[in-house]
Amino acid sequence: MLQKPRGTRDFLPDEMEARRSVEWCFREVARRWGYREVCTPEFEDLDLFTMRSGEGIIEEMYVFLDKGGRKLALRPEITASVIRMYVNEAKVAKKPLRWYYFADCFRYERPQKGRYRQFWQFGVELIGADTALADAEMVILAADMLNATGVMYDLRVGHLSFMKQLLQDLEPNIQRRVMSYLDKKDFKGLTVTLEAMKKPDLYQSLTALIDCRELAEAFDISGLVPEKERIEQTIGILDATDVKYTLNFGIARGLDYYTGMVFEGFAPNLGAENQILGGGAYRLAHLFGGDDVASCGFAIGFDRVMVSLGDVKQSKDTVVAIVCTNEGQKRALAIARAFRDAGIRAEMNLMERGLGTQLAHASKSADYAVVIGQREAESGNVTIKNLQTGEQKTVELAAAIAEVRAHGPRG
RNA sequence: GCCAGGGUGGGGUAGUUGGUUAUCCUAGGGGACUGUGGAUCCCCCGACCCGGGUUCGAAUCUCGGCCCUGGCCCCA
């Protein structure tokens with residue numbers, strides 16, 4: 001028996017319906033905010049991803065040579081592709097650009113709960129708006145999207161300026177190491193490094209900063225942050241909305257191209273892989289030969305949202321089973337078409353079964369049965385049976401369609 | 001890359017001091033019934049993850065691999 005590749009999944013219809021319904025929540029919110037869908041290639045030049053994230057990511061990607069000897073990679077994320085596309089195709093487009101995507105990505109990692117080798121991201125990029133309101137729009141939109149699905153989450157909003165301010169006297173590679181220690185909560189490593197740098201006093205400030213949940217306090221800890229006004233504006237806008245968030249200045253993300261505001265979302269009911277959203281303000285286009293356009297965006301880990309939501313009750317489609325005898329078959333086809341034209345899901349019996357057996361099967365899977373035998377074929381009426389109540393009547397086709405429309409699916 | 005626990009029909013399972021034809025439930029298909037059903041009865045379908053080893057004989061013991069679940073690491 002051939003198995004599916006490690007870390008991939010099959011989705012049966014029930015699960016696909018659940019996934020699509022959540023997907024459409026995201027799409028609909030994006031649409032209402034003016035974001036329009038874009039699509040980029042499933043694979044790209046390997047360079048695109050190493051330019052963004054460094055050579056280290058190669059071993060966590062699906063990398064291959066094509067028949068022309070090109071080094072390609074299945075995309076491990078989509079922001080780089082979107083910005084590449086912006087540089088290639090849309091540099092002169094009116095700003096701001098509001099784009100979204102929903103697509104699968106691939107990472108060669110060890111699978112575990114909420115982590116797969118093929119996974120889906122729903123992401124948003126806002127390109128060319130460098131304002132507090134733009135930053136705030138990302139956070140509010142992200143919250144709107146998650147709210148639309150009903151998933152439980154905690155939202156954390158931070159800003160890199162505070163950390164950068166405290167670390168400004170350190171060399172960039174030391175900065176990175178310190179931020180990495182903070183991210184991992186490795187306070188021993190942090191102490192050792194700071195003492196080696198003869199900056200032991202920074203320990204107090206840094207740990208205070210990552211525990212800090214108040215903006216004013218953060219300014220006290222870090223001193224005069226150059227973007228103070230912008231940060232205050234952004235937070236002020238968020239506070240004027242009903243977005244629930246906590247401030248967290250320990251969000252480091254370890255990414256050089258994030259420039260200012262950063263935010264993350266976590267699902268409390270997930271295990272180790274509980275981050276369902278990440279985003280912030282960044283500058284990336286210059287890496288790909290474009291202008292240094294300010295951008296802001298986030299990506300939602302679609303599969304983790306699905307895991308967090310668990311089994312969602314799907315609104316069921318009303319199903320009409322078309323049951324017929326041989327004499328009624330041609331008429332039944334026309335009846336089925338009439339129901340379908342009316343927007344109702346109608347399924348013909350395809351098995352060579354007797355009426356009784358057809359109805360027995362229909363009663364397990366359908367809400368109504370429409371019986372077309374010789375009598376119906378000759379009279380032009382249809383016999384419609386409510387499979388939940390057992391009530392049955394012979395009426396005109398239009399009345400049967402109206403009957404199905406009037407009642408929903410069984411509960 | 002590391003650790004733990006797993007892998008028996010489509011789903012859920014019984015079965016290991018090695019021993020006939022591998023158990024049961026469920027799902028699925030067919031039949032009885034043939035213009036009214038979910039019942040019942042009968043029949044069918046269908047599995048020991050893969051490979052090597054030990055053995056007269058392996059689902060069972062052993063080694064390796066693959067995969068699953070969870071955790072570590074990592075996380076763009």
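Just so it is clear, the model here is predicted, and its values are computed rather than measured. In what follows, every chain begins at residue 1, and chains take the letters A, B, ... in the order their sequences are listed. Hydrogens, waters and symmetry mates play no part in the numbers below; they use all other heavy atoms, side chains included.
- Between A/E23 and A/R19 there is no salt bridge, since no side-chain nitrogen of the basic residue lies less than 4.0 Å from a carboxylate oxygen of the acidic one.
- Of the candidates B/rA76, B/rG71, B/rG37, the closest approach to any side-chain atom of A/A360 belongs to B/rG37.
- Using a 4.0 Å heavy-atom criterion, one finds that A/E59 contacts no nucleic acid atom at all.
- Applying the ring-ring contact (aromatic ring centres under 6.0 Å, His included) test between A/F122 and each of A/Y100, A/F302, A/Y35 identifies A/Y100 as the sole match.
- In this entry the distance linking NE2 of A/H361 with P of B/rU36 reads 17 Å, nearest Å.
- Using a 4.0 Å heavy-atom criterion, one finds that A/Q374 contacts the bases of the nucleic acid, with or without backbone contacts as well.
- In this structure, A/M138 and A/L126 have side chains that are in contact, with non-hydrogen atoms separated by less than 4.5 Å.
- In this structure, of B/rA76, B/rC73, B/rG37, it is B/rA76 that holds the atom nearest to the side chain of A/Y257.
- When rounded to the nearest whole Å, the span between CG of A/N349 and C1' of B/rG35 equals 14 Å.
- The two atoms that bring A/Q329 and A/C324 nearest to each other are CA-SG, 4.0 Å, heavy atoms only.
- In this entry the distance linking CG of A/D186 with C1' of B/rC73 reads 13 Å, nearest Å.
- Side-chain atoms of A/F11 and A/R9, non-hydrogen and from C-beta on, do get closer than 4.5 Å to each other.
- If you take atom P in B/rA32 and the same atom in B/rG38, they sit 16 Å apart, rounded to whole Å.
- Nucleotides B/rC43 and B/rC63 place their P atoms 44 Å apart, quoted to the nearest Å.
- Proximity note for A/R107 (side chain, C-beta onward) versus B/rA76, B/rG35, B/rC73: the nearest is B/rA76.
- Between A/E55 atom CD and B/rA76 atom C1' the separation is 14 Å, expressed in whole Å.
- Rounded to whole Å, the separation between the P atoms of B/rU60 and B/rC50 comes to 10 Å.
- Note on A/R353: only backbone sugar-phosphate atoms sit closer than 4.0 angstrom, heavy atoms only; bases stay farther off.
- Taking only distance into account, the side chain of A/Q392 meets the base of B/rU36 through a donor-acceptor pair shorter than 3.5 Å.
- A/F119 does not carry A/R107 over the face of its six-membered ring by the limits of under 6.0 Å from the centre and within 45° of the normal.
- Look at the C1' atom in both B/rA59 and B/rG19: the space between them is 13 Å, to the nearest Å.
- B/rC33 and B/rU40 are spaced 11 Å apart, taking the C1' atom of each and rounding to whole Å.
- Only the C1' atoms considered, B/rA4 is 28 Å distant from B/rG18, to the nearest whole Å.
- Rounded to a whole Å, the CZ atom of A/R84 is 22 Å from the P atom of B/rA76.
- Counting non-hydrogen atoms under 4.0 angstrom, A/K385 reaches a base of the nucleic acid.
- Partner A/L146 forms a side-chain contact (heavy atoms from CB on, under 4.5 Å) with one of A/V29, A/L141, A/I300 and no other, that one being A/I300.
- Straight-line distance between the P atoms of B/rG10 and B/rG53: roughly 28 Å, to the nearest whole Å.
- As judged by a 4.0 angstrom heavy-atom cut-off over every strand, A/G7 is placed among residues touching the sugar-phosphate backbone only.
- When rounded to the nearest whole Å, the span between CE of A/M51 and C1' of B/rA76 equals 15 Å.
- One can find a donor-acceptor pair under 3.5 Å joining the base of B/rC73 and the side-chain atoms of A/Q112.
- Here A/V371 lies in heavy-atom contact (under 4.0 Å) with a base.
- With a cut-off of 3.5 Å on both pairing distances, B/rU20 has no Watson-Crick or G-U wobble partner at all.
- For B/rG35, the base has a donor-acceptor partner in the side chain of A/E376 [N/O atoms by modelled type, under 3.5 angstrom].
- Computed from coordinates, the A/L359 CG to B/rG38 P distance equals 10 Å when rounded to whole Å.
- For A/E327 and A/M351, each mapped to the nucleotide of RNA chain B holding its nearest heavy atom, the one lying further toward the 5' end belongs to A/M351.
- Distance CZ (A/R110) to C1' (B/rC72): 10 Å, rounded to an integer number of Å.
- Atom name C1', nucleotides B/rC68 and B/rG11: the rounded distance is 16 Å, in whole Å.
- Among the atoms of the strands shown, base atoms are found under 4.0 Å from some heavy atom of A/T383.
- Counting any heavy atom pair closer than 4.0 Å across all strands shown, A/G54 reaches no nucleic acid atom.
- Evaluation of atom-type donor-acceptor distances gives a pair under 3.5 Å for the side chain of A/R115 against the base of B/rC74.
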